[in-house]
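Taking it in order: structure first as structure tokens, then the write-up.
Bear in mind that the values here come from a model prediction, so they are computed numbers and not experimental data. One-based numbering, in listed order, for ligands and for the atoms of each. In what follows, residues are counted from 1 in the order of the sequence shown.
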Amino acid sequence: MDIRTAPAAAAHAETRRGDYRPPDWLVPEVALDFTLDPDRSTVRARLIVERNGAHDRPLRLEGDGIAATWLKVDGAPVEPVMDGPTLVIALSGDRATIETEVALHPAANSKLMGLYASGGILCTQCESQGFRRISFHPDRPDVLSVYTVRMSADKARFPVLLANGNCTASGDGQDGNGKEGRHWAEWNDPFPKPSYLFALVAGDLAPNRDSFTTMSGRNVDLGIWVREADLAKTAHAMAALKSSMAWDERTYGREYDLDLFNIVAVDDFNFGAMENKGLNIFNSRYILADADTATDGDFDAIAGVVAHEYFHNWSGDRVTCRDWFQLSLKEGFTVFRDQGFSADIGSAAVKRIDDVRVLRSAQFPEDAGPLAHPVRPESYLEITNFYTATVYNKGAEVIGMMRTILGPDRFRAGSDLYFDRHDGEAVTCEDFVKAMEDASGINLAQFRLWYSQAGTPTVTARLDQDGGRTVLHLSQSVPATPGQSTKQPMVIPLRTALIGRDSGAELAPAQVILLTEAEQAIAFDGITEPAMLSINRDFSAPIILDVTRAAGELESLAEHDPNPFARYEALQELMLRTLIAGANGEPVDPAPVIEAMRRTLASNALDPAFKGEALLLPSESMIGDRMPLVDPDAIHDAREALRRAIGVALADPLAAAQREGAPGSDLSPAAKSIRRLRSVALGLIAAGDTLRGAALAKAQFDSADNMTDRQGALGILVSLDAPERQAALDGFYDRYQADSLVIDKWFGLQAAAQRRDTLAAVEALARHPDFSMTNPNRSRALVGSLAMNQWAFHTASGEGYRFLADMILASDRINPQTAARLVPPLGRWRRFEPGRAALMRAQLERIVAEPNLSKDVFEQVSKSLA
Ligand code: B3K
Ligand code: ZN
């Protein structure tokens, strides 16, 4: 139940970065008093406000779907004056006490922003602008306050009451009056924070308790709060929390600052998790895991997200963002930090391959489409739409490039300076870069273009060797993107080595070449043998690389390049060239790919996890991204043909790899590697021989003692026409009916199936009793997975587009954030052949014509059509 305020003229108004002005009023103190009930909660707020600078503007407190039951200024009742959703209070003095009361209906809050109910737990989500759905407030990240929170609730239904900071008092009754069945608690957070970091939780929860001793010897009590029945699934998250606390001390010198650190898991959550100060709230999929229900990938994602949210305590909470255009200040940096953590606790090469895969599959298409925006955007209608792969993942690459340019020691000096200089402040991306410059003495003026220019640069590279001279010719270009027709050359750090074509040895030590001009030539001295270029090693820059290669070079690099990432890239590039030729209808010889894969499989020097990654063919959408126009059928056919050829030719070594297993209880990198390669091999075997593949998959499924093997097998069976398929799907459902995170997998695997009837199956599953649009995990599992399944989603009839548009419209009425996230797959219409493009566009037009569309969906759809 949202109270509709007068349709503000500003409903679709843009917020622009250049319009930033410091707040007119500061709020040094906030005291909140919640009387909690799912059907009717009341929130009393007392704000101490102070005029900021000399001006005579009124105090403006933002609201969203709330109304003040009363308002007091310095203790005296005042009639509330509204400007649309905003409460406007004229104040004559420079300091005042403002009190408001609002009533909320958490159980009816399906947007999952503000105070809402999830499975009987009351919880909050405030970033970016959810606090204004709880109480009237400036609700901008540069207004920092010390919060005191009091809450009362029914003791039987909500025995646990948590908020930010430390619990200072608690007792039975309400307001000290002993009201029957209720209890209360009071919390205080000594660290001033913006409203987006406020949180409270009330529920019937049990803790996994542990403790951590910080580097200065302080004890921190840790708690992970879940339903009692889920306690056994919290061990991995707790271990990850403790190792990320130690890692941040070692790697960035950052120590935790409160005596308490709590995490709560809830089932209904709009994204992964939230870094509220001292009280992180998580989507339960990033906390709960055991070998029977979670894959190795799930375990890794849990460690990564737990670390990410923990790291925000410094990169986000202690030093926060001045305005939402600076989102990458905390998100890009924190992703970079969590990637470093995961690389250190697992295989660094595999982690880099995974991160680059995410960048290429999510960020590159975004950068090449109608929703392209710089890492630091210039304007938005709805900030929620800017929690993107560009802000997060390209933002992390930008930090990584600074580290590459500065070197690790100067980078660390820069981050120390940044944290020291800005502790307790709300700052900008510019402040971060300035700290890096000041600490290193390196000028980053041109580098700053990475924050302002959208679009993925393309770099061409050619190594010329003649007359004893070796010269590397480089050129760069950045494509036009919406609102940015011309671009300047960027600073592109390219980690480069030359490899002897005959010896396979590095002829010159690897070095970082800084490409700063549109065209540049670099001469190498003392190279006497024919050389091959190994460039953009470890993906040192987030670019598209176009290297002129001699015949046989990629094969040779795939086998000999000493840099594992470069070997992976060479094999991927070899596959891509073959697949693109196939999709273009050219005659294709699969032999070079098969032989390179055979050598990779046979190598004893390679980690099996690396082999698993290396043998995975580029996805259909990645192939499409490299073509002028996407023809999903041609791409699918070419990819399946190559998979079949590989499966037939390498049947024996693949079968050997598939036979290797590791006990599910073993989560060591080596055991994970074996399982990873096992299911990749199974997929290729099945591509070569359906009957054999189905039998092997069924056997792997039945004998599995862990979810990685079980899901790996089921993920292959779902695409096969074999009797084992339905039996396995049914068995899986029956076994895990009561476990919603596993049932998400069941929905997701069917939506990802490579079958002609996938779309029809998904439409049927959308009517399954377990399907629900109100749970973001479930809707993403079914609808999100279909939209990522290029061949199944893009059927020539356009039925997939109609289905997705229906889902967007239905979901917009429930949860606009979830709905808006489903728009980008339709927004890529210009990339598809004309028939499909027209059908996709027609669905976008149908959506935008709908009255009462949310700002979230309106922004994504209208920009996609522009
Ligand atoms: N900061 C949150 C994301 C909030 C998204 C708001 N629409 C989680 C994270 O990135 O850590
Ligand atoms: Zn984050």
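Nearest protein heavy-atom neighbour of atom 1 (N) of ligand 1: E127 OE1, 2.6 Å. Shortest contact from atom 3 (C) of ligand 1 to any protein heavy atom: Y392 OH, 3.5 Å. In terms of protein heavy atoms, atom 7 (N) of ligand 1 is closest to F271 CE2, 3.6 Å. For atom 8 (C) of ligand 1, the nearest protein heavy atom (residue, atom name, distance) is A273 O, 2.8 Å.
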Go through the steps to decide whether R360 and D355 satisfy the test salt bridge (charged side-chain N to carboxylate O under 4.0 Å, His left out), and finish with yes or no. CA-CA 9 Å; R360 281 188 172 135; D355 292 339; over 6 Å; no
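For an aromatic pair to be called close, the ring centres must be under 6.0 Å apart, and W314 with Y252 fails this. Annotation: Y196 is not in aromatic contact with F198 [ring centroid separation under 6.0 Å not met].
Here's the thing with H308: one of its N/O atoms is less than 3.5 angstrom from an N/O atom of ligand 1. Where the criterion is an N or O separation shorter than 3.5 Å, residue side chain and backbone included, E309 meets it with respect to ligand 1.
Under the rule for a salt bridge (Lys or Arg N to Asp or Glu O under 4.0 Å), the partners of E127 that lie at least two apart in sequence or sit in another chain are K330.
Every atom of ligand 1 is numbered from 1 in the order shown, and the set under 4.0 Å from a heavy atom of E275 is 1 (N), 2 (C), 8 (C), 9 (C), 11 (O). For ligand 1 and H312, the ligand atoms under 4.0 Å from any heavy atom of the residue are 9 (C), 10 (O), 11 (O). When each atom of ligand 1 is checked for a heavy atom of M274 under 4.0 Å away, the hits are 1 (N), 2 (C). Residue-ligand proximity, K330 to ligand 1, at heavy-atom distances under 4.0 Å covers atoms 1 (N).
Angle subtended at the Zn ion (ligand 2) by H312 NE2 and H308 NE2: 100°, rounded to 10 degrees.
For the Zn ion (ligand 2), the nearest N, O or S atom contributed by E331 is named OE1.
Below 30°, between 30° and 60°, or above 60°: for Y310 and F261 the angle between ring planes is above 60°, a perpendicular geometry.
No side-chain donor-acceptor contact under 3.5 Å links R813 and N852.
Taking the ring centre of F333 as origin, the terminal cationic atom of R337 falls inside the region bounded by 6.0 Å and 45° from the ring axis.
Under the side chain to side chain contact (heavy atoms under 4.5 Å, CB included) test applied with V335, the options K394, H308, E397 reduce to a single match, H308.
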